[in-house]
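Data first, discussion second: the structure below is written as structure tokens.
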Amino acid sequence: MALVTQEVINQLEALMEEDAVGESLQKTFKNVHQGYPHETFTRFLKAREGNAQKAHKMLVDSLEWRVQNDIDNMLAKPIVPEELYRGIRDSQLIGLSGYSNEGLPVFAVGVGLSTFDRASVHYYVQSHIQINEYRDRVVFPAATKKYGKHISKCIKILDMTGLKLSALNQIKLLTIISSIDDLNYPEKTQTYYIVNAPYVFSACWRVVKPLLQERTRGKIDVLSSCGEDDLLKIMDYSSLPHFCRKRSSDSSKYSEANCYSLDHPFHRQLYNYVKQQFLLSQPSQPVKQGSVHVTLPEDADKEVIAETLESELNKFKDLGVASSN
């Protein structure tokens, strides 16, 4: 990874000033940097190997993507009814389990047990972006205040329990989500820890690895077994996801303590926050059911990503998914 110096940060800042981006892009940039513009410049520079020109293009493209898809208001667009959202939470397994010793939020991701079969692809993309936005605009600022230092990265623990080769059937959706993160939320994760990897993991990894950016692959650490011993070096036991605890019962069972569940405090707070933002922004309008269609940025670096999306997205034409604005 290229070293980002203050000089190259200044170059990117000058390019942004020279570009004289419009009011809409300036507004969404404030939502992105949350009071730390130089940290945002650094993230995009790292994503483009310290090249100010390429980082400038990536950042402007990302801001335009946000405006075109109304990302600033994504946290005011609840997925309703609640039964639909609960189905998404039960099939797109992710949750906040706690914080590391350094104050980084710890997100648990149930890769092996996620089925993505309870809603359309657009709902899953909407849910993913909402979690990203809530993390950046609510979780990170709260952690920054609590720990007395700027926090803008998280840790992700990927649970491979239950992983099967059939999981590759979801490669189209995972590719879309991965591309959105790479192009619009770069350098938000410090480390990806993989735990409970079964024997089929190697086969799946050979397919998925080429789809990931090199900088992302460099952050992946495969731990032995459930990873409890290694993870306890960087976080307390209370912050360990349920599937990392040796004394835990069957990790595939749901409970109120399971951070994936809609009944977990993190998801209750997130869902209530989105409903509240909706009421504040549109107090006189009823909540309408419908997914948010998000356009995938075209600046995908990997040729394989472009080819995969071109072939797979054609299959969505027959889904009959309606978008809501």
Side-chain angles (χ1 to χ4, degrees), residues 47 65 69 79 87-95 107-133 135 154-189 191-198 200-222 241 243 260 291-317 319 321:
W65 171 82
N69 293 284
I79 296 175
I88 292 174
R89 292 278 59 83
D90 288 345
S91 56
Q92 183 184 37
L93 304 181
I94 184 172
F107 283 90
V109 184
V111 177
L113 294 173
S114 291
T115 57
F116 300 103
D117 59 354
R118 302 285 294 275
S120 73
V121 62
H122 299 308
Y123 280 118
Y124 286 115
V125 172
Q126 177 183 353
S127 172
H128 178 79
I129 293 176
Q130 284 181 333
I131 290 177
N132 279 356
E133 291 294 307
R135 174 198 64 193
C154 66
I155 290 171
K156 290 186 178 179
I157 305 177
L158 313 182
D159 180 28
M160 299 296 164
T161 298
L163 183 67
K164 300 177 182 178
L165 287 175
S166 59
L168 295 176
N169 294 333
Q170 303 298 335
I171 196 68
K172 57 183 179 292
L173 174 57
L174 297 178
T175 300
I176 292 173
I177 288 176
S178 176
S179 296
I180 286 175
D181 285 353
D182 280 338
L183 296 173
N184 302 287
Y185 302 93
E187 299 299 319
K188 286 290 186 178
T189 302
T191 309
Y192 299 86
Y193 293 104
I194 292 178
V195 300
N196 298 319
V200 299
F201 171 72
S202 296
C204 293
W205 179 239
R206 284 195 295 270
V207 176
V208 174
K209 185 177 180 180
L211 303 178
L212 302 177
Q213 298 288 335
E214 182 178 353
R215 68 180 187 277
T216 300
R217 296 198 298 267
K219 296 177 182 179
I220 295 175
D221 189 358
V222 181
F243 52 79
Y260 297 152
S291 64
V292 175
H293 181 86
V294 177
T295 303
L296 181 70
E298 297 179 354
D299 188 23
D301 299 75
K302 299 290 185 178
E303 183 178 354
V304 65
I305 292 180
E307 293 175 351
T308 301
L309 292 180
E310 182 178 0
S311 62
E312 295 295 345
L313 289 177
N314 285 331
K315 300 177 183 179
F316 298 162
K317 294 180 179 179
L319 291 178
V321 178

Quiz item: Would Ile79 and Gln130 count as a side chain to side chain contact (heavy atoms under 4.5 Å, CB included) if you check the C-alpha gap in whole Å, the side-chain angles of each, and the deciding distance to 0.1 Å?
Solution: CA-CA 10 Å; Ile79 296 175; Gln130 284 181 333; 4.1 Å; yes
Exercise. Any chance you could measure Ile157, atom CD1, to Asn196, atom CG, to the nearest 0.5 Å?
Key: 10.5 Å
Exercise. Apply side-chain contact (heavy atoms from CB on, under 4.5 Å) to Lys164 and list each qualifying residue two or more places apart in sequence or on a separate chain.
Key: Ser166
Exercise. State, to 0.1 Å, how close Ala108 and Tyr260 come at their nearest heavy-atom pair, and which atoms those are.
Key: O-CE2, 3.6 Å
Exercise. First locate atom CZ of Phe201, then atom CZ of Arg206, and finally report the distance between them rounded to the nearest 0.5 Å.
Key: 11.0 Å
Quiz item: side-chain contact (heavy atoms from CB on, under 4.5 Å) with Ala47: which residues, sequence neighbours excluded?
Solution: Met58, Pro186, Arg215
Quiz prompt | For Cys154, all residues meeting side-chain contact (heavy atoms from CB on, under 4.5 Å), sequence neighbours excluded | solution = Pro105, Phe107, Arg135, Phe140, Lys156, Thr189
Quiz prompt | Partner set under side chain to side chain donor-acceptor pair (under 3.5 Å) for Glu133, not counting sequence neighbours | solution = Arg66, Arg137, Tyr185
Quiz prompt | With sequence neighbours excluded, residues passing side chain to side chain donor-acceptor pair (under 3.5 Å) with Ser114 | solution = none
Self-check item: Counterpart residues, ring-ring contact (aromatic ring centres under 6.0 Å, His included), relative to Phe116 (two or more places apart)
Solution: Tyr124
Quiz item: Quick one: side chain to side chain donor-acceptor pair (under 3.5 Å) partners of Thr191, sequence neighbours excluded?
Solution: none
Practice problem: State the NZ-OG1 distance between Lys209 and Thr216, to the nearest 0.5 angstrom. | Solution: 12.5 Å
Quiz item: Can you tell me how far CZ of Phe243 sits from OG1 of Thr161, rounded to the nearest 0.5 angstrom?
Solution: 7.5 Å
Exercise. Start with the C-alpha gap between Arg89 and Arg118, add the side-chain angles, then the distance that decides, and say whether side chain to side chain contact (heavy atoms under 4.5 Å, CB included) holds.
Key: CA-CA 9 Å; Arg89 292 278 59 83; Arg118 302 285 294 275; over 6 Å; no
Self-check item: Closest non-hydrogen atom pair between Val207 and Pro210, with its separation
Solution: O-CD, 3.2 Å
Quiz item: Is any side-chain heavy atom of Asn132 closer than 4.5 Å to a side-chain heavy atom of Lys188?
Solution: no
Quiz prompt | From CG (Leu158) to CG (Asp221), nearest 0.5 Å | solution = 11.0 Å
Quiz prompt | N/O donor-acceptor pair under 3.5 Å between Ser178 side chain and Leu174 backbone | solution = no
Quiz item: What residues, two or more places apart in sequence or in another chain, satisfy side chain to side chain donor-acceptor pair (under 3.5 Å) together with Asn169?
Solution: none
Quiz item: So which heavy atom on Ile177 is nearest to which on Gln92, and how close?
Solution: CD1-NE2, 4.1 Å
Exercise. Over all heavy atoms of both residues, which pair between Leu173 and Val121 is shortest? Give the atoms and the distance, please.
Key: CD1-CG2, 3.3 Å
Practice problem: May I ask you to test the Ile180-Trp65 pair for a side-chain heavy-atom distance under 4.5 Å? | Solution: yes
Quiz prompt | For the student: nearest non-hydrogen atoms of Thr175 and Ile171, plus distance | solution = OG1-O, 2.6 Å
